[in-house]
Amino acid sequence: MCGIVGLMAKQAVNQGIYDALTVLQHRGQDAAGMMTWHEGRFLLRKSNGLVRDVFHTRHMTRLRGNMGIGHVRYPTAGSSSEAESQPFYVNSPYGISLAHNGNLTNSEQLMQELFTSDLRHINTSSDSEVLLNVFAHELGKQGLHLSPGDIFDAVRRVHRRCKGGYVAVAIINGVGLVAFRDPNGIRPVVFGTRDEGNGQEVMIASESVALDVGGFELHRDLDPGEAIFVDMEGQIHTQQCADAPRLASCIFEHVYLARPDSILDGAYVYGTRMEMGRKLGDRIQSEWPDHDIDVVIPIPDTSRTSALELAQHLGVTYREGFMKNRYIGRTFIMPGQTQRKKSVRQKLNAIAVEFKGKNVLLVDESIVRGTTCKQIIQMAREAGARKVYFASAAPPVRFPNVYGIDMPAASELIAHGRSEAEVGELIGADRIFYQNLEDLKTACRNVNPNLEAFDCSVFDGNYVTGDIDDAYLANLEESRSDGARQQQSAGDHALVGLHNQDDIDD
């Protein structure tokens, strides 16, 4: 879950990319980066940290040019070293920079191919560097002068080599801006235009909110397998580049990842979350028609929309019972169990009057490890709640994600191998309710009926790319455990010395 943006303008793009990254910050709080192109030179600034902390005035003034790309990251494949922050750059052929959201499921195989067949060295453990080098190698087959067709041919070969869920945006030196989406459309990307009077400007981004903040008109999502090329005059060229494209977008984007004011594959995320609340309310009414719930309280922020609809559906009072410290990051992606446990108490504080003597239904968008909700239930009891029920707007998360969401090892998922009742007992709830998976799909289709298929692998273990086997998952289990992450973190500093995290052109 990273955020990407590309911008081709008639003026300096540094501020536009910065503004876009700030509204995509929810997609990655680990690192941020921006690369611009100016008169044949690439200019780079990237580092660990939030957007506001990475880019200072001295960096922005050096990021010259009317074409650029940006990235916000949390680590999926690879480590959290500054050396693996994006964008990445290769000087051959042409000079290419690239930013990537997603995960290549065959990155190890590709890394070997790149060395033995393509004669390319990968210096990090990031699959984004792998994707860049695959694209660069395929693009280099097209010759010195590139046409739109040459670029699309290269992307077509990238799709044939790369597996997984991915969206990439890239700059080709002196040629233009390129973006492409995997053949299943797992990760999101949109594009739009703005007319500045002296010509058309184009923005490509992970979510439509990035276009909104820049005053761009949303045109549409890129189709699965489609590529877009914006030439140096700002003209848009698009082409389908996959052999067998089909839309199976990640349903967890609607549950948790995307901002509610975004439009993904033609569906307002806010609308899908409202539908999730109604569907969850239907389930509670069906299973417990004589419930004794006094108040519905969301766990801020993502669950608010669903919780409000659920409360109205049940005819129960809705209240804000927790105040959130907005300067603490998303806990399910934090490294180390100790840090996650500590951060929950720092992030939320209960308003005792909303809990005292009441039967409370807490609503969250999902339950991953169970660490957060267990502590929150305890906080509700300490605030005086008589009974604490818990509802998840998503089904049980029982399987790891392999397409770019850094969910933990399967053994660390609280619902893995457990019934819903067993999860409720473990987190200390008096009663627990999960969304039904078919109801979740219906909630999204109610907003956009054209959404026929989804990647629901974290819920049902069905990996839509068809290349995930037990051996892959076993390796993933080993690499994603908290112990493995701590070992990886200890080795990150060795990479930083090999990487200049400021400008390519000083």
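- V202 is not listed as a side-chain neighbour of L177, based on a closest heavy-atom distance of 4.5 Å or more.
- Under the 3.5 Å distance criterion, with hydrogens and angles disregarded, no donor-acceptor pair is assigned to the side chains of Y256 and H26.
- In this structure, E452 places its CD atom where only 12 or fewer heavy-atom neighbours from other residues, nucleotides or ligands lie under 6.0 Å away.
- Residues T305 and M274 come closest through the heavy atom pair CG2-CG, 3.5 Å.
- Put simply, the side chain of H159 gets close to the backbone of G225: a donor and an acceptor are under 3.5 Å apart.
- In terms of modelled atom types and a separation under 3.5 Å, the side chain of Q435 and the main chain of L440 share no donor-acceptor contact.
- Taking 4.0 Å as the cut-off between side-chain N and carboxylate O, E138 and R160 do not count as a salt-bridged pair.
- Rounded to the nearest 0.5 angstrom, L21 CG and I4 CD1 are separated by 10.5 Å.
- Remark: side-chain polar atoms of R156 are paired, donor with acceptor, to backbone N or O of Q240 under 3.5 angstrom.
- Listed for the E226 side chain is no donor-acceptor partner under 3.5 Å among the backbone atoms of T238.
- H254 and E275 form no side-chain donor-acceptor contact under 3.5 Å, judged by distance and modelled atom types alone.
- In this structure, N325 and N349 have side chains that are not in contact, with every pair of non-hydrogen atoms separated by 4.5 Å or more.
- Taking both residues in full, the closest heavy atoms of Q86 and S128 are given as NE2-OG, 2.8 Å, listed atom of the first, atom of the second, then distance.
- Distance check, rounded to the nearest 0.5 Å: CD1 of I96 to CD1 of I171 gives 11.0 Å.
- Heavy atoms only, all atoms of each residue included: R52 and Y18 are closest at CA-OH, 3.6 Å.
- The neighbour count for Y268 OH, taken as heavy atoms of other residues, nucleotides or ligands under 6.0 Å away, does not exceed 12.
- Residues R304 and E320 are paired through a salt bridge, judged by an N-O separation under 4.0 Å between the basic side chain and the carboxylate.
- Ring geometry for F229 versus H237: interplanar angle under 30°, hence parallel rather than tilted (30 to 60°).
- Side-chain atoms of R73 and H71 include no donor-acceptor pair closer than 3.5 Å.
- In this structure, a donor-acceptor pair under 3.5 Å is absent between the side chains of E365 and S303.
- Considering all non-hydrogen atoms of both residues, S206 and C2 come closest at OG-O, 4.0 Å.
- For F135 against A170, the heavy-atom pair with the smallest separation is CE2-CB, 4.1 Å.
- Ring geometry for F252 versus F459: interplanar angle of 30 to 60°, hence tilted.
- Of the possible polar contacts, none joining the E196 side chain to the E201 backbone as a donor-acceptor pair under 3.5 Å is found.
- Open room surrounds OH on Y270; 12 or fewer heavy atoms of other groups in view lie less than 6.0 Å from it.
- Side-chain N or O atoms of R273 include none that pairs as donor or acceptor with a backbone N or O of S306 at under 3.5 Å.
- Applying the side-chain contact (heavy atoms from CB on, under 4.5 Å) test between N401 and each of N103, I186, D455 identifies D455 as the sole match.
- Between atom CG of residue L44 and atom OH of residue Y89 there is a gap of 10.5 Å, rounded to the nearest 0.5 Å.
- Only one option out of L413, I367, I414 pairs with V397 in a side-chain contact (heavy atoms from CB on, under 4.5 Å); it is L413.
- For the atom pair OG (S125) and CD (E108), the distance works out to 10.0 Å, reported to the nearest 0.5 Å.
- Minimum interatomic distance between V72 and G28 (heavy atoms only, all atoms of both residues): CB-O, 3.6 Å.
- With respect to the salt-bridge test (charged N to carboxylate O, under 4.0 angstrom), the residues R187 and E253 qualify.
- Remark: K46 qualifies as a cation-pi partner of F88 under the 6.0 Å distance and 45° angle criteria applied to the six-membered ring.
- Considering CD1 of I69 and NE2 of H100, their distance stands at 12.5 Å, rounded to 0.5 Å.
- Going from atom OH of Y403 over to atom OG of S249 covers 13.0 Å, rounded to the nearest 0.5 Å.
- Judged by distance alone, with hydrogens and angles left aside, the side-chain atoms of D221 form a donor-acceptor pair with the main-chain N or O of D265 at under 3.5 Å.
- A side-chain donor-acceptor contact under 3.5 Å links R194 to the backbone of G214.
- Without hydrogens or angle criteria, H38 side chain to L43 main chain gives no donor-acceptor distance under 3.5 Å.
- Between the R398 side chain and the A415 main chain, a donor and an acceptor come within less than 3.5 Å of each other.
- Look at R278 and E309 and you find a salt bridge, because one of the NZ, NE, NH1 or NH2 atoms lies within 4.0 Å of a carboxylate O, short of that distance.
- Applying the 6.0 Å contact sphere to CD of Q25 captures more than 12 heavy atoms from other residues, nucleotides or ligands.
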